[in-house]
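First the structure, in the form of structure tokens, and then the observations on it.
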There are 2 protein chains.
Amino acid sequence: MKMRTISELEQVIRSAGYRVTRSRLAVLHVLARADGVLDAAAIHRLGRREHPRLGRVSVYRTLDLLIELGLVRQIHGDGGCHGFARADRSEGHYLVCQSCGQVSEFPCAGLDQLLDAVARQSGFLVRGHMLQLEGLCPACRPA
Amino acid sequence: MKMRTISELEQVIRSAGYRVTRSRLAVLHVLARADGVLDAAAIHRLGRREHPRLGRVSVYRTLDLLIELGLVRQIHGDGGCHGFARADRSEGHYLVCQSCGQVSEFPCAGLDQLLDAVARQSGFLVRGHMLQLEGLCPACRPA
DNA sequence: CTCCCTGCAAACATTTTGCATATCA
DNA sequence: TGATATGCAAAATGTTTGCAGGGAG
């Protein structure tokens with residue numbers, strides 16, 4: 001998926017009949033700047049820097065909206081599965097370190113073929129996928 | 001992973017230096033009988049049928065223990081990511097229906113190769129994986 | 001008999017609702 | 001201006017901890 005500019009993201013929101021508000025922009029900006037995965041609390045905290053009156057509630061509602069529009073993806077971690085990241089930054093492939101908790105992404109060539117095969121065999125209409133590997137990152141793995 | 005009998009599961013618990021108690025047995029039995037994925041509340045409710053004094057707390061603690069021992073796997077669903085299933089019943093490959101919420105499993109030949117390649121490239125020590133496909137099951141997909 | 005495990009209650013953390021007000025288009 | 005979105009407070013939900021008593025080995 002190609003990377004979108006903030007303006008393009010705003011456009012998606014508008015086209016869907018929703019308003020572009022300060023709260024929503026704040027959340028978008030936070031996610032745009034973030035490299036990795038953030039949880040709702042972090043998004044709220046960072047969002048307050050640019051919009052101090054931003055409420056927790058709006059963060060949740062905005063995230064719901066962005067997920068519905070396909071702009072944001074929810075990441076399900078091992079402990080507390082409450083991460084969010086921009087969908088166009090990620091392909092849905094994550095490496096989660098069980099020691100330091102860091103999440104990184106990886107390219108995964110060949111997965112699509114595999115998914116096609118599964119779809120054919122199961123009769124399932126596949127609309128998305130998530131592949132997570134758990135283990136130890138290079139920094140945490142024993143020598 | 002081969003399917004284990006309840007006695008074998010008990011043995012694993014004992015070997016690890018833990019006691020086999022009524023609460024733990026109740027949770028094991030519930031998970032053994034269940035076909036799909038259950039959340040903590042469901043496990044508690046069903047477990048009470050066989051052990052009425054079973055407390056919520058013990059369910060959580062038992063699940064932690066079983067995960068630690070590798071007997072149970074945690075499933076991260078879309079809404080409320082709090083499912084649990086016996087590890088020896090599952091390979092970590094799930095199809096989640098976005099309409100009816102049903103979770104089923106699928107065999108996924110060829111994934112291991114793919115993971116090996118990723119491990120080599122990333123320097124990550126991979127200890128487990130989870131592949132989830134989201135979409136519509138045969139019953140829910142449009143004609 | 002001893003120590004681990006349990007269950008209760010209460011603390012805690014996170015997410016969702018009700019409602020009056022503010023704000024975008 | 002009018003419908004939508006916000007933010008607060010409070011409720012609902014889900015999970016963890018403290019502690020006295022109970023049960024497995």
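The chains referred to below are lettered A, B, ... by the order of the sequence lines, with proteins before strands, and numbering in each begins at 1.
Taking side-chain N and O atoms only, A:S23 has a distance below 4.0 Å to OP1 or OP2 of D:dG7. Look at B:R53 and you'll find a side-chain N or O under 4.0 angstrom from OP1 or OP2 of C:dC8. Taking side-chain N and O atoms only, B:T21 has a distance below 4.0 Å to OP1 or OP2 of C:dT6. The side chain of A:Y60 places no N or O atom within less than 4.0 Å of a non-bridging phosphate oxygen (OP1 or OP2) of C:dT16. Put simply, B:R24 has a side-chain N or O that comes within less than 4.0 Å of OP1 or OP2 on C:dC5. Note on A:R56: every side-chain N or O is 4.0 Å or more away from OP1 and OP2 of D:dC8. Note on A:H44: every side-chain N or O is 4.0 Å or more away from OP1 and OP2 of C:dT14. Put simply, B:H51 has a side-chain N or O that comes within less than 4.0 Å of OP1 or OP2 on C:dG7.
The interatomic distance linking B:R14 (CZ) with D:dG25 (P) rounds to 5 Å, in whole Å. Protein atom CD1 of B:I43 is 10 Å distant from nucleotide atom P of D:dT15, rounded to whole Å. One interatomic measurement links the two molecules: CG of B:L25 to C1' of C:dT6, which rounds to 14 Å at whole-angstrom precision. When rounded to the nearest whole Å, the span between CG of A:L65 and P of C:dT16 equals 14 Å. B:E68 has its CD atom 11 Å from the P atom of C:dC5, to the nearest Å. Rounded to an integer number of Å, the gap from A:I13 CD1 to C:dT23 C1' is 16 Å. Atom-to-atom, CG of B:L28 to C1' of C:dC5 comes out at 15 Å; the value is rounded to the nearest Å. Taking atom CD of A:E10 as the reference point, atom C1' of C:dC24 lies 13 Å away to the nearest angstrom.
Contact annotation: the side chain of B:L69 never approaches that of B:L9 to less than 4.5 Å [non-hydrogen atoms, C-beta and beyond]. Between A:V126 and A:V118, every side-chain heavy-atom pair lies at or beyond the 4.5 Å cut-off.
Contact annotation for B:A41: no contact, since no heavy-atom pair falls under 4.0 Å across all strands.
Comparing C:dT16, C:dA9, D:dT4 by their nearest atom to the side chain of A:V57 picks out C:dT16.
The residue among A:D64 and B:R19 whose nearest nucleotide of DNA chain C is located toward the 5' end is B:R19. Comparing B:D39 and B:R22 along DNA chain D, the residue whose closest nucleotide (by nearest heavy atom) sits nearer the 5' end is B:D39.
Between the side chains of A:R48 and A:H44, at least one donor N or O lies within less than 3.5 Å of an accepting N or O.
At a cut-off of 3.5 angstrom, counting only N and O atoms as typed in the model, there is a donor on one side and an acceptor on the other between the side-chain of A:R61 and the base of D:dG7.
Linking Ile, Leu, Val, Met, Phe, Trp and Tyr whenever their side-chain heavy atoms come within less than 4.5 Å leaves B:Y60 and B:L28 in two separate clusters.
Counting only distance, with no hydrogens or angles, the side chain of A:R24 and the backbone of A:E10 share no donor-acceptor pair below 3.5 Å. Judged purely by atom type and a 3.5 angstrom limit, A:S58 has no side-chain atom pairing as donor or acceptor with the backbone of A:L54.
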